[in-house]
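Just follow the structure's listing: the first ligand is 1, and inside any ligand the first atom is 1.
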Amino acid sequence: MAFQLNVDHTEFLRDYWQQRPLLIPGGLSQFEDPIAPELLAGLAMEEGVDARIIQQQAEAWHVQHGPFEDYEKFGETDWTLLVQAVNEWFPDVQNLLLPFRFLPDWRLDDVMVSFATENGSVGAHLDQYDVFIIQGTGQRHWRVGERIEGAAEFCPHPDLKQLRNSDFDACIDTVLQPGDVLYIPAGCPHHGVALEPSLNYSIGFRAPNSAEWLAQLADQLLASEQNFPRYVDPQLNLETAPYCITNSEIAQVQQLLMQQLESTSGVQAIQQVISQAKRPLPQPEREITTVELASYATTDMLLCRTPGARLLLGCDNQLYANGDCIAAPEQLTAGFQELLQLDQEVALAECSAIFADTAALNCLTELLNIGVLHLVQELAEEDGEATD
Ligand code: SIN
Ligand code: CO
């Protein structure tokens, strides 16, 4: 089911985005949970799934990491199960990202789903990332404050950071009902406590820091095996002692790095890095050819964006996906727009603009072969489930 976020996008960006928290009561009308707590608990039992349980016992906080074998030992109250990137496992959860596509695709990170038992909480804390929290089943009491600089934090457990002062000034103090949405910008204190067993969906945004980006860029550039300009100093003189490094030498290093970042290959590498998925994408069992793909043009086979995959139109008019750069024509044709807009699954028979455009069709073939998109054969089974 596709939801709309009931907020004026222009006003939201102007008055709230990265500035102030916002409560959007009924933000997603007629909201239905895309996942049941039992399924979430089952997912957290799987290897390779990033899951943790945060539990409060008297004044002590405990954090345990998955995969979990059973949940009985945690009891009936005071704990929360948090599972990252649930959208990558459940297409219905992936669809929760759609109402947020008024923000750049590349800023979206993942959907974290939490199931809290009564009185479950992770404590008052700050996050480094912007987040929209959607209330699913059940109710949670949330307090959210304006951004505070230099707030004292501490770790009641090595894997848990909380605010020393959990009694921060709250500009939002409310009990969220299913379908309510809370926007919390990075750096704003917040504290949610479940009043009953409840599900929350956190649409997280990513904002890598400069060191993380530099590290990823260095990896990307080195893998490209180009010849990069090296440091040179033909003007070297005897004015400074041998053990000194001068301001102008530092400036030259900075200039060398800036030139690299600003060069065509640097701009390309930045976009390649940004288009990388968080985890390796599932790869197709075999390559498909454009001819074979064209033969499916009128079938009800479904074309799907692989959850977790990023597909971007670069500032140089190339397509960037999964760390690759895919040549695209200068004109953004209807076929390419259809390809880039693709969010949910769509029947190939409805992709006429792509099939009418050879360049777009070639790109589609390539995107299928690198796992950014995939095809699903719709089964005419009673439960209506689609499968590979
Ligand atoms: C939760 O879902 O319980 C915690 C989410 C958050 O505070 O970031
Ligand atoms: Co948080």
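Counting heavy atoms closer than 4.0 Å to ligand 1, residue W142 contributes side-chain atoms (C-beta onward) but none from N, CA, C or O.
In this structure, F102 and F132 have perpendicular ring planes: the angle between them is above 60°, well past the 30° mark.
When the options V193, L82, I184, I54 are ranked by their closest heavy atom to atom 4 (C) of ligand 1, first place goes to L82.
Residue H191 places no heavy atom under 4.0 Å from ligand 1. Residue D127 places a heavy atom less than 4.0 Å from ligand 1.
Here the angle at the Co ion (ligand 2) defined by NE2 in H125 and NE2 in H190 stands at 90°, rounded to 10 degrees.
Between D109 and K278 there is a salt bridge, since a side-chain N of the basic residue sits under 4.0 Å from a carboxylate O of the acidic one. Using a cutoff of 4.0 Å between basic side-chain nitrogens and carboxylate oxygens, R20 and E146 are not scored as salt-bridged.
Side-chain contact of Q220 with Q268: a donor-acceptor pair under 3.5 Å is absent, judged by distance alone. Between the side chains of N87 and D110, no donor-acceptor pair of N or O atoms lies under 3.5 Å. Between the side chains of N322 and S275, no donor N or O sits under 3.5 Å from an acceptor N or O. Between T333 and D357, the side chains place a donor N or O and an acceptor N or O closer than 3.5 Å (distance only, hydrogens not considered).
Minimum-distance N/O/S atom of D127 relative to the Co ion (ligand 2): OD2.
Of all protein heavy atoms, the one closest to atom 3 (O) of ligand 1 is R140 NH1, 2.8 Å. The nearest heavy-atom contact from the protein to atom 2 (O) of ligand 1 is S114 OG, 2.7 Å.
Remark: ligand 1 atoms within the under-4.0 Å shell around heavy atoms of H190 are 6 (C), 7 (O), 8 (O). Contact atoms of ligand 1 toward H125: 6 (C), 7 (O), 8 (O) (distance under 4.0 Å to a heavy atom of the residue).
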